[in-house]
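Labels below follow one simple rule: chain letters A, B, ... track the order of the sequence lines, proteins then strands, and each chain is numbered from 1. Everything numeric in this text was worked out from a predicted model, so none of it was measured.
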There are 2 protein chains.
Amino acid sequence: MKLNKSVEENINSWISQINVEYKLALSVDCVIFGYTTRDMFVALTKCDMPPFEGDYSLVGDIVQPSENLDQAANRILQERTGLTNVYLEQVQTFSETNRHPLGRVVTVAYYSLIKLNEYYDKLPGEDFLIWRNIKDVDTLAFDHKEIFDVCLSRLQKQVKEQPVGFNLLPKKFTLNQLQELYEVILGVELDKRNFRRKLKSLNILQDHDELQTDVSHRPAKLYSFNKKLYEQRVADNFLF
Amino acid sequence: MKLNKSVEENINSWISQINVEYKLALSVDCVIFGYTTRDMFVALTKCDMPPFEGDYSLVGDIVQPSENLDQAANRILQERTGLTNVYLEQVQTFSETNRHPLGRVVTVAYYSLIKLNEYYDKLPGEDFLIWRNIKDVDTLAFDHKEIFDVCLSRLQKQVKEQPVGFNLLPKKFTLNQLQELYEVILGVELDKRNFRRKLKSLNILQDHDELQTDVSHRPAKLYSFNKKLYEQRVADNFLF
DNA sequence: TCAAAAGTGTTAATGATACACCCATGT
DNA sequence: ACATGGGTGTATCATTAACACTTTTGA
């Protein structure tokens with residue numbers, strides 16, 4: 001793999017990890033989706049690598065010899081957000097030979113889902129991780145815009161087929177919060193009554209007979225996702 | 001990556017390609033599905049690598065420095081079957097650190113679809129590639145059984161959402177041939193009248209006003225998949 | 001004339017869509 | 001009392017599922 005000389009001279013956090021003796025480096029790039037009321041964000045970080053200085057990139061890292069891809073993705077999540085037990089989903093592997101200026105880096109894309117409300121105080125400051133509204137993502141370093149688009153499409157598909165959305169809400173939530181989440185992810189408006197009928201018919205929500213507090217209007221009932229009901233339903237029929 | 005000494009000593013077709021200086025090798029493994037009337041096969045090859053001597057494995061190879069993953073998959077297909085322009089779909093990347101006895105090999109799984117009827121005479125002999133009925137796949141070398149299962153599930157899902165099945169049939173086919181294909185892939189029986197109504201309503205088939213020949217019963221009409229109609233339909237609404 | 005697969009319609013059930021008003025709470 | 005979001009039902013339409021007989025051809 002030929003390296004551009006001017007690129008080789010630029011030392012940064014990546015070059016120390018890509019031994020030019022390797023034929024190939026493997027990395028994991030995470031599209032970290034963070035949700036908070038009515039807004040979906042993606043975690044970005046500033047890129048200091050030519051020719052992408054000043055651009056933003058997804059967060060990623062080289063896969064270490066001792067770890068598999070899921071472990072690498074979890075480590076990256078932990079290092080960048082401090083969070084463990086985050087929902088992670090492998091999406092696709094990107095391998096264009098010239099996709100990385102430092103040499104041959106094949107990257108495995110993951111998306112992950114984070115409740116920004118709940119964990120915001122735990123998350124590092126703005127200069128370490130930038131949370132960009134997904135509606136405002138235009139260009140990114142490397143092929144990261146393509147990776148972002150593919151991961152967002154995958155999320156949109158999965159949210160219609162599997163109960164992944166609950167990873168973006170607090171344990172207990174109202175039906176309207178859930179509907180708003182679906183609307184933000186899918187970028188469409190949904191009918192309130194049809195949405196409720198649909199979700200209740202799925203029979204995967206647990207009613208806690210508990211109400212919202214601290215709202216200046218009629219408080220809504222709180223529900224939670226019941227994994228056991230879900231698995232039972234999957235075993236019986238299909239779902240969604 | 002520590003190598004088991006007894007394994008290191010066994011020279012075979014892989015060890016020459018996995019330089020122990022690399023931290024990691026990247027490979028592509030293909031689940032090559034071949035279809036012929038009422039039967040779906042997968043291409044296997046005999047494995048001579050301890051501890052899997054005598055087992056069968058999927059066909060795969062190391063990704064070369066000059067090629068991306070799709071190119072590697074196409075090359076493997078070409079080398080093993082002689083076929084080009086084969087339908088290929090990247091499925092998932094497998095990365096357990098101990099999945100390969102010779103060291104760290106991360107593999108990207110693809111599935112591909114081949115018309116066995118049409119190309120059977122072009123395919124290499126039995127000792128080079130073994131075509132095993134997918135119903136008879138039990139154990140495979142490495143983690144290849146898991147890869148096979150994941151790829152088969154993916155095919156079953158995609159065939160319900162996209163027009164991939166047509167890659168397994170000759171250009172012109174009868175509606176019953178198409179139905180049999182779906183039944184074999186999905187492992188279920190379908191209702192003839194409902195199947196026909198459904199497919200005609202999709203409006204992606206072209207009627208050639210042509211009949212089967214050489215059959216000892218009433219000949220069926222021949223249809224072909226019309227890509228333009230399909231793309232138009234995708235542009236308008238959704239599909240399937 | 002027989003065997004073998006081709007071809008064709010209707011009904012019932014289910015799921016999806018469209019749509020408007022009253023309710024409970026805090027201020 | 002008012003502003004805010006919470007909560008509910010019905011009618012229509014589209015899709016899916018279940019089901020059996022006649023037709024055409026070659027042997």
Rounded to whole Å, please give me the gap between CD in Glu189(A) and P in dA18(C). 12 Å
Which residues pass the salt bridge (Lys or Arg N to Asp or Glu O under 4.0 Å) test with Asp207(A), not counting sequence neighbours? Lys221(A)
Return yes if some donor-acceptor pair links the side-chain N/O of Glu183(B) with the main-chain N/O of Leu190(B) below 3.5 Å, else return no. yes
Got Leu178(A) and Phe166(A) here, is their nearest side-chain heavy-atom distance under 4.5 Å? yes
Nearest-Å distance, CZ (Phe195(A)) to C1' (dA18(C))? 17 Å
Enter the distance from Glu180(B):CD to Asp39(B):CG here, rounded to the nearest 0.5 Å. 10.0 Å
Report the distance from atom CG of Leu190(B) to atom P of dA17(D), rounded to the nearest whole Å. 10 Å
Atom CG of Leu199(B) to atom P of dG7(C): distance rounded to whole Å? 14 Å
Side-chain contact, heavy-atom cut-off 4.5 Å: Val105(A) with Arg99(A)? yes
Please report, rounded to the nearest Å, how far the P atom of dT11(C) is from the CZ atom of Arg197(B). 13 Å
Specify the separation, in whole Å, of atom CG of Asp207(A) and atom C1' of dT8(D). 15 Å
Can you tell me if the side-chain N/O atoms of Lys198(B) get under 4.0 Å from OP1 or OP2 in dA17(D)? no
Residue-level proximity of residues 209-221 of chain B to DNA chain C when a heavy atom falls under 4.0 Å: His217(B), Arg218(B), Pro219(B), Ala220(B), Lys221(B)
Side-chain N or O of Lys192(A) versus OP1/OP2 of dT8(D): is the shortest distance under 4.0 Å? no
OP1 or OP2 of dG7(C) under 4.0 Å from side-chain N/O of Arg196(B): yes
Length of the CG-C1' vector between Leu175(B) and dA5(C), whole Å: 13 Å
Whole-Å distance, Leu222(B) CG to dG7(C) P, equals 9 Å
Result for 5'-nearest mapping on DNA chain C, choosing between Arg193(A) and Asp191(B), is Asp191(B)
Please tabulate, for side-chain N and O atoms in residues 145-157 of chain A, each donor-acceptor pair with protein atoms closer than 3.5 Å (sequence neighbours left out).
unit_1: Lys145(A); atom_1: NZ; unit_2: Asp149(A); atom_2: OD1; d: 3.2
unit_1: Lys145(A); atom_1: NZ; unit_2: Asp149(A); atom_2: OD2; d: 3.1
unit_1: Ser153(A); atom_1: OG; unit_2: Asp149(A); atom_2: O; d: 3.0
unit_1: Arg154(A); atom_1: NH2; unit_2: Val91(A); atom_2: O; d: 3.0
unit_1: Gln156(A); atom_1: NE2; unit_2: Ile185(A); atom_2: O; d: 2.9
unit_1: Lys157(A); atom_1: NZ; unit_2: Glu161(B); atom_2: OE1; d: 2.7

Atom CD1 in Ile130(A), atom NZ in Lys46(A): separation rounded to 0.5 Å? 6.5 Å
